[in-house]
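Beneath this line is the structure, given in structure tokens, with notes to follow.
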2 protein chains.
Amino acid sequence: MSKSTITINDIARELNVAPSTVSRALNNSPRISEATKERIREKAMEIGYDLNMVASSLSRQRTNIIGVIIPFINNHFFSLVVSGIEDLAVKSGFRIIIAQTYDSVVKEEEALKMFSSARVDGIIACLSVETRDISHFKRIKKVGIPIVLFDRVSFDIDCPKVLVDNYDGAFQAVSHLIKGGCERIAYLGGPSNCRIFDERAKGYKDAVKKNGLQLLPGYSFSTDLSERDVHEAMKLWLGKYKAPDAIFTSTGNQGLMVTKLAIDAGFKIPDDLSIISFGDSPSHEYIVPSLSAIEMPGYDIGRSSMEFIENEIDGKKGDSRTIIKPILLVIRSSSFR
Amino acid sequence: MSKSTITINDIARELNVAPSTVSRALNNSPRISEATKERIREKAMEIGYDLNMVASSLSRQRTNIIGVIIPFINNHFFSLVVSGIEDLAVKSGFRIIIAQTYDSVVKEEEALKMFSSARVDGIIACLSVETRDISHFKRIKKVGIPIVLFDRVSFDIDCPKVLVDNYDGAFQAVSHLIKGGCERIAYLGGPSNCRIFDERAKGYKDAVKKNGLQLLPGYSFSTDLSERDVHEAMKLWLGKYKAPDAIFTSTGNQGLMVTKLAIDAGFKIPDDLSIISFGDSPSHEYIVPSLSAIEMPGYDIGRSSMEFIENEIDGKKGDSRTIIKPILLVIRSSSFR
DNA sequence: TTAATTTGAGCAAGCGTTTGCACAATATTT
DNA sequence: AAATATTGTGCAAACGCTTGCTCAAATTAA
């Protein structure tokens with residue numbers, strides 16, 4: 001309670017040395033002899049000294065904090081990314097502070113403001129699905145805070161980017177369906193302002209065409225990722241005279257929803273309808289039938305993002321400033337035959 | 001890049017006032033006239049001033065940061081708690097910084113050290129499942145950082161606690177099974193050093209007895225929450241001459257695992273075997289049959305924890321320092337008849 | 001032995017805000 | 001009109017740590 005916090009000055013006084021010496025000793029400066037270093041370390045231990053990071057940050061002009069911006073914390077993929085970032089961060093003596101945007105640009109801007117005020121050393125972010133204009137990021141960059149974007153990135157800003165091969169993932173998913181005999185493949189997409197969904201759509205289209213099939217009218221449906229839109233698409237498709245024999249969804253959640261709806265509508269999966277989603281989750285294993293998916297290497301993306309940001313902070317701009325991670329096709333029962 | 005960061009001194013110089021006046025104006029002190037406040041605010045806006053929180057924190061001896069410790073970020077319940085904390089936190093001008101323990105005491109201690117160094121104003125924590133001794137928390141408390149514990153709490157420390165009614169939840173779950181006609185109910189528990197599991201076990205036992213049934217030998221199984229232990233319990237139970245006709249699991253994950261295993265073993269759910277778990281998750285809705293559960297009010301727990309910590313920080317020790325949240329019985333197909 | 005280095009430590013000025021106290025300039029009271 | 005209270009600002013000292021310089025002592029070189 002009354003333990004008026006202990007500072008390096010207390011150590012200095014007790015040992016009859018200067019505070020600067022204490023500071024240097026504790027920071028293991030080569031300019032202090034091993035002997036006094038030891039004395040100082042001991043005394044620090046003894047009286048329970050604890051470095052005040054706030055003061056240190058102010059003095060050093062460096063907080064050793066990385067700000068992380070993600071849409072949702074409660075999301076399989078994003079929490080993997082966070083783990084990847086965190087693991088590397090602690091190794092390098094960084095702390096991370098997370099902000100959720102709930103996919104809202106406003107929250108995204110607030111997060112950025114907060115990070116800037118907090119003087120984080122760098123920011124790792126996945127754009128909200130709403131985000132079109134990214135001038136708020138440019139502003140941050142201009143004041144000197146390095147930025148790394150992952151997954152939902154923008155090419156309108158010069159910074160390292162870590163992304164997955166959306167095109168290839170979609171291509172593989174659809175090719176897999178076609179190999180299984182599907183011919184009428186529908187695509188449930190996302191908002192078109194978001195690049196990753198464009199790429200997934202392109203992969204879908206190319207896969208259909210390159211495999212000698214037709215792109216059917218009305219079989220590609222853009223959504224805002226809401227449940228409502230998924231319902232609408234499904235009503236449209238399942239009510240058709242000739243319903244699709246496969247659906248490829250642009251997110252893992254959509255895959256789960258679609259599966260539920262199809263089953264409720266009396267479809268047998270995968271016999272009547274095959275399903276595969278871009279993005280995996282634990283629920284994919286529990287749903288019956290288990291749901292095939294394109295798995296994204298979240299942990300790995302987190303690590304690479306952290307590596308990038310560290311280099312940016314150190315001023316070592318590496319050569320390849322955007323890295324594309326391979327995806328993994330996970331075949332489960334929903335697309336098996 | 002070269003934008004040498006803008007300070008209140010810059011504003012002061014340009015406006016020919018003292019830095020202290022600028023500070024007061026920006027903090028809306030009543031001691032500054034509306035006129036000069038306005039001039040200062042305008043100039044601040046104009047030259048893009050951004051309060052340096054680090055300096056402010058050092059001066060004020062207050063960071064306005066709350067440290068949050070949870071076992072896993074990627075967990076339905078915990079992320080709800082975090083959302084609850086965060087929503088209230090931003091409203092009160094607090095930032096939160098999250099640390100995952102991955103259910104390891106060592107990580108828990110590290111997190112505490114980091115928070116202490118960062119001079120967080122308060123800590124909200126859910127103990128790791130490994131944690132027995134909590135002297136690391138006591139140490140933190142002694143240096144003056146208030147603590148609030150939730151869910152997995154210890155009564156060996158004097159601080160506000162937010163928990164769910166584990167006893168009642170277990171009691172309700174088991175009573176529900178019995179009402180449905182189950183007579184041989186097994187309980188899959190957790191580590192016994194963890195109070196919440198004891199309470200759940202107690203609720204289970206009392207429900208069985210108060211409903212006129214017998215506690216069957218070998219029907220209560222303690223685990224360390226590992227997959228291995230779940231397998232072992234299931235092998236034991238399902239191999240019995242008379243297998244249980246219902247299983248109540250102490251965590252949501254166990255419920256999911258148990259369901260999978262039972263189905264794989266050829267059991268019809270809920271006809272041969274009813275299942276209900278303490279703890280809900282999205283997968284509970286997707287698994288077939290959908291899984292009944294005791295739902296814990298995570299968001300609400302987060303809010304209450306944040307309220308508590310704010311009061312602690314303000315030095316207003318409220319009266320009721322531990323609050324028990326009611327649970328909700330969610331009946332789905334796995335226990336329906 | 002003297003001069004040139006090296007080594008170890010201290011001084012003091014920051015880092016950007018906040019805040020108790022002092023103090024003019026007004027406004028209010030006798 | 002003089003005395004008192006009020007208002008609006010400024011001064012300067014923190015907050016706790018870091019770091020460029022300076023400098024004495026110890027070491028080495030000449």
Side-chain angles (χ1 to χ4, degrees), chain A residues 3-41 43-44 47-65 93 116-121 143-145, chain B residues 3-41 43-44 47-65 93 116-121 143-145:
Chain A
K3 264 270 176 284
S4 54
T5 158
I6 299 162
T7 75
I8 51 171
N9 301 296
D10 299 324
I11 302 182
R13 195 179 334 104
E14 295 213 23
L15 254 35
N16 252 310
V17 296
S20 52
T21 303
V22 177
S23 173
R24 289 203 174 91
L26 261 17
N27 285 303
N28 200 26
S29 154
R31 298 182 39 187
I32 304 292
S33 72
E34 222 16 84
T36 64
K37 269 186 197 171
E38 204 37 61
R39 279 203 312 148
I40 290 176
R41 286 202 201 100
K43 180 57 82 178
I47 64 178
Y49 171 75
D50 181 28
L51 171 66
N52 185 331
M53 269 308 204
V54 181
S56 178
S57 294
L58 179 60
S59 181
R60 290 194 136 112
Q61 296 287 79
R62 215 221 213 232
T63 54
N64 270 47
I65 298 179
S116 141
S117 238
R119 298 295 194 265
V120 298
D121 292 340
V143 308
I145 303 179
Chain B
K3 264 270 175 286
S4 53
T5 159
I6 298 162
T7 75
I8 51 173
N9 302 295
D10 299 324
I11 302 182
R13 195 179 335 104
E14 294 213 25
L15 254 35
N16 252 309
V17 297
S20 51
T21 304
V22 176
S23 173
R24 289 203 175 89
L26 261 18
N27 285 303
N28 200 26
S29 153
R31 300 184 36 189
I32 303 292
S33 72
E34 222 15 85
T36 63
K37 270 187 196 170
E38 203 37 61
R39 280 201 312 147
I40 290 177
R41 287 201 200 101
K43 180 57 84 178
I47 64 177
Y49 170 74
D50 181 27
L51 172 66
N52 184 330
M53 270 308 203
V54 181
S56 178
S57 295
L58 179 60
S59 182
R60 292 193 136 113
Q61 296 287 80
R62 210 212 215 238
T63 53
N64 269 51
I65 298 179
S116 141
S117 239
R119 298 297 193 262
V120 298
D121 291 340
V143 308
I145 304 179

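Side-chain atoms are counted along with the backbone in the values below, which use heavy atoms only and exclude waters and symmetry mates. Throughout, a chain's letter reflects where its sequence line sits, starting with A, and its residues are numbered from 1.
- Here the P atom of nucleotide dG16(D) and the CZ atom of R13(A) are 12 Å apart, to the nearest Å.
- Across all strands shown, N16(A) has heavy atoms under 4.0 Å from sugar-phosphate atoms exclusively, and none from any base.
- The CD1-P distance, from I47(A) to dG16(D), rounds to 13 Å in whole Å.
- Under the 4.5 Å side-chain criterion, counting only non-hydrogen atoms from C-beta, D50(B) is not in contact with I6(B).
- Checking side-chain atoms of N52(B) against main-chain N and O of R119(A) turns up no donor-acceptor pair under 3.5 Å.
- Here the side chain of S57(A) pairs a donor or acceptor atom with the backbone of M53(A) at under 3.5 angstrom.
- With rounding to whole Å, I11(A) atom CD1 is found 15 Å from dA9(C) atom P.
- Across the protein-nucleic acid pair, E38(A) atom CD and dG8(C) atom P stand 15 Å apart, rounded to whole Å.
- Where the helix from dT1(C)-dA30(D) to dT30(C)-dA1(D) starts and where it ends, the local axes point in directions that differ by 40°; five pairs per end, rounded to 10°.
- Looking at heavy atoms from C-beta onward, Y49(A) lies out of side-chain contact with V22(A) at the 4.5 angstrom threshold.
- Between the P atom of dT7(C) and the NZ atom of K37(A) lies a distance of 13 Å, rounded to the nearest Å.
- Whole-Å rounding puts the R62(A) CZ to dC17(D) P distance at 19 Å.
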Subject >> Reading 5' to 3' through nucleotides 16-25 of chain C, protein heavy-atom contacts under 4.0 Å coded B for base, S for sugar-phosphate only, - for none >> reply: BBBBBBB---
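- For the OP1/OP2 pair of dG8(C) and a distance below 4.0 Å, the side-chain nitrogens and oxygens of T36(A) include no atom meeting the criterion.
- Here the options are D10(B), I40(B), T36(B), the test is side chain to side chain contact (heavy atoms under 4.5 Å, CB included), and the partner is L15(B); only I40(B) passes.
- Side chains of T7(B) and N9(B): a donor on one and an acceptor on the other come within 3.5 Å.
- K37(A) places a side-chain N or O within 3.5 Å of a backbone atom of S29(A) that can act as its donor or acceptor partner.
- The pair E14(A)-R39(A) fails the salt-bridge criterion, with no side-chain N (NZ, NE, NH1 or NH2) lying under 4.0 Å from an Asp/Glu carboxylate O.
- If you take OG1 on T21(A) and CD1 on I11(A), they are separated by 12.0 Å, rounding to the nearest 0.5 Å.
- The CD atom of E34(A) sits 11 Å away from the P atom of dA9(C) (whole-angstrom rounding).
- Using a 4.0 Å heavy-atom distance criterion, V22(A) is classed as making no nucleic acid contact.
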